[in-house]
Each structure stands twice: as structure tokens, then as C-alpha cells.
Amino acid sequence: MKITTGFVGREQALTELFATTFTTSEGPDEGALIADLVRDLLAETPTKDIRVFCAEDEGLVIGAAIFTRLTYSHDPHVVFMLSPMAVAPARQRQGMGKALLAHALEALRADGIQIAITYGDPNYYGRVGFVPITENQARAPLPLSLPHGWLGQSLTEDEMPILQGPSTCVSALNRSGVW
Ligand SMILES: CC(C)(COP(=O)(O)OP(=O)(O)OC[C@H]1O[C@@H](n2cnc3c(N)ncnc32)[C@H](O)[C@@H]1OP(=O)(O)O)[C@@H](O)C(=O)NCCC(=O)NCCS
């Protein structure tokens with residue numbers, strides 16, 4: 001497996017990876033919703049606001065993690081949010097998700113990104129340094145249906161700060177069903 005950065009020319013492969021993975025794990029409705037989300041994230045998000053990490057094997061995209069900018073109106077910290085990520089069903093539980101995230105978080109750190117946030121299973125994301133946070137620490141851009149899945153980590157030597165102000169996600173994430 002090799003990990004690459006960027007998505008230009010891989011939009012179709014990425015959309016299909018997310019469609020297949022989420023259809024398998026959550027059913028066809030969720031598969032379609034996440035595929036639409038990924039298509040829009042890749043098409044609409046300004047380059048400066050998105051980072052995509054792909055796990056590839058023999059030219060096939062078998063895993064991906066998409067990070068986009070979260071802007072806190074009264075706070076200078078550089079914050080990116082992981083959503084969504086997927087590892088192809090046949091390749092799950094082989095450590096690929098963990099390796100992909102460890103690589104991605106290190107690349108974000110090297111790129112000057114100070115805080116990573118995600119929204120998902122604390123047991124899974126805790127394996128790569130995410131800890132539960134509250135909305136007093138970092139407001140979510142939309143109401144959270146599962147507040148215990150709101151997670152964050154500092155990518156610097158400083159502790160996770162209290163991020164000031166309301167937050168804004170990229171336009172493609174500004175939809176119901178995701179939060
Ligand atoms: C979640 C996902 C990305 C993990 O990728 P992966 O390559 O299988 O993960 P790893 O091999 O690095 O880690 C697997 C470990 O995490 C655990 N794990 C996997 N998925 C988990 C989940 N959804 N919640 C909690 N733990 C999970 C497993 O128990 C496994 O532990 P084990 O090795 O002790 O059995 C992958 O299972 C996936 O794409 N799932 C469907 C889509 C999804 O839920 N995406 C995340 C939300 S955006």
C-alpha cells in the first residue's frame with residue numbers, strides 16, 4: 001500500500017469507494033448520501049480548504065480520508081475536520097485506516113494545521129489521538145445528533161485550546177444527514 005495526497009483525476013474512484021464502503025456498512029441510502037457528499041466536496045471546495053489522502057494498491061484507491069477547513073470566526077487557529085473516511089470492505093481490519101490517519105495527521109501537522117476535529121466513533125478515532133470534546137471547547141457548525149462523537153486533537157505541542165466563536169464548515173458539509 002502507498003499513501004498519496006490529492007484527488008485530481010481520482011474523483012470517480014473516490015466517489016465509488018465511498019459509495020461501496022458505506023452501502024456495505026450502513027445500507028444503500030447512506031451509501032448514496034455519502035457518495036453525493038464526496039462528489040460535492042471534491043467539486044466545490046476551494047483547494048486551500050481541502051486535503052485528501054488516498055491509500056492505493058496496484059493503482060486502485062482502497063482507502064481515503066478527506067479533511068476540510070473549519071473556520072472559527074473569532075479564533076486564529078488553523079482547524080481542519082476529517083469527514084468522511086473509508087477503507088474498502090475487503091481491506092478493513094488490516095490496520096489500513098489507522099496507518100492512513102497517522103500519515104494524514106502527520107502531513108497536516110507539517111503543513112501548519114494546528115487542530116484536527118472529527119465526528120465519529122470515539123473508540124475508533126481514539127486510536128489516533130482524538131479525544132471527546134464539548135461544544136464549549138469547539139462549537140460545531142450545525143447541530144450534532146450524536147454529541148458524544150464530537151472529537152478533537154491538537155497537532156502542536158500546545159493543548160487543545162478553547163476555539164472562540166461559532167464555526168463554519170465548507171459548503172458541501174453544510175447539509176442535513178451528515179451531522
Ligand atoms: C472505520 C474504517 C475507516 C476503519 O478502517 P480499517 O482499516 O478497518 O481500520 P483499522 O484496521 O485501522 O482498525 C481496525 C480496528 O478498529 C476497530 N474498528 C473498525 N471500525 C470501527 C468502528 N466503526 N467503530 C469502532 N471501532 C472500529 C476494529 O474493531 C478494529 O479493531 P481490531 O483490529 O482490534 O479488530 C472502516 O472500517 C470503514 O471504512 N468503515 C465504513 C465506513 C465508516 O464507518 N467510516 C467512518 C465514518 S466517516
Side-chain angles (χ1 to χ4, degrees), residues 1-5 7 10-45 49-58 60-70 79-108 113 115-133 138 140-153 167 169-179:
M1 178 192 65
K2 74 172 182 186
I3 297 174
T4 57
T5 310
F7 62 90
R10 295 200 196 98
E11 292 88 343
Q12 175 97 12
L14 283 163
T15 306
E16 283 169 10
L17 167 72
F18 280 93
T20 305
T21 304
F22 279 83
T23 298
T24 304
S25 66
E26 320 265 337
D29 290 350
E30 188 72 4
L33 182 124
I34 300 293
D36 273 356
L37 168 65
V38 168
R39 194 176 297 114
D40 292 349
L41 277 169
L42 302 182
E44 288 174 13
T45 311
D49 294 337
I50 186 166
R51 304 283 189 283
V52 179
F53 299 90
C54 298
E56 287 182 33
D57 196 14
E58 297 181 351
L60 290 177
V61 181
I62 51 169
I66 301 180
F67 291 77
T68 52
R69 191 180 300 273
L70 206 52
V79 184
F80 269 66
M81 175 169 167
L82 166 66
S83 179
M85 83 169 286
V87 170
R91 311 301 288 265
Q92 290 175 7
R93 301 208 154 190
Q94 296 163 31
M96 201 165 296
K98 186 173 182 186
L100 180 60
L101 284 182
H103 176 102
L105 292 166
E106 194 48 51
L108 295 178
I113 289 157
I115 311 288
I117 283 190
T118 194
Y119 184 42
D121 188 323
N123 293 327
Y124 183 69
Y125 291 105
R127 292 166 174 239
V128 287
F130 284 101
V131 294
I133 55 173
L142 274 79
L144 299 174
S145 55
L146 298 167
H148 74 276
W150 191 233
L151 312 171
Q153 68 174 293
S167 63
C169 57
V170 298
S171 61
L173 278 172
N174 195 1
R175 65 177 73 193
S176 59
V178 173
W179 301 89

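Note that these values count all heavy atoms, side chains included, but never hydrogens, waters or copies made by symmetry. Order of listing sets the numbers, starting from 1, for every ligand and every atom in it.
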Protein residues that have a heavy atom under 4.0 Å from any atom of ligand 1, sorted by chain and number: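 Heavy-atom contacts below 4.0 Å: Thr21, Phe22, Ser25, Pro84, Met85, Ala86, Val87, Gln92, Arg93, Gln94, Gly95, Met96, Gly97, Lys98, Asp121, Tyr124, Tyr125, Arg127.
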Please test Phe7 against Ile66 for side-chain contact (heavy atoms from CB on, under 4.5 Å), starting from the C-alpha separation and ending with a verdict. CA-CA 10 Å; Phe7 62 90; Ile66 301 180; over 6 Å; no
Partners meeting salt bridge (Lys or Arg N to Asp or Glu O under 4.0 Å) with Arg175 (sequence neighbours left out):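 Counting only residues at least two positions away or on another chain, Arg175 forms a salt bridge (Lys or Arg N to Asp or Glu O under 4.0 Å) with Asp40.
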Does some side-chain heavy atom of Lys98 sit less than 4.5 Å from a side-chain heavy atom of Val128?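 In contact.
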Roughly how far, to the nearest 0.5 Å, is the CD atom of Glu30 from the CG atom of Leu37?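 With rounding to 0.5 Å, CG (Leu37) is 9.5 Å from CD (Glu30).
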Please report the C-alpha distance between Leu101 and Tyr125 in whole Å, then the side-chain angles of each, then the deciding distance to 0.1 Å, and finally whether the side-chain contact (heavy atoms from CB on, under 4.5 Å) criterion is met. CA-CA 9 Å; Leu101 284 182; Tyr125 291 105; 3.9 Å; yes
Heavy atoms from other residues, nucleotides or ligands near CD of Glu44 exceed 12 (cutoff 6.0 Å):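 It does: Glu44 CD has more than 12 such atoms within range.
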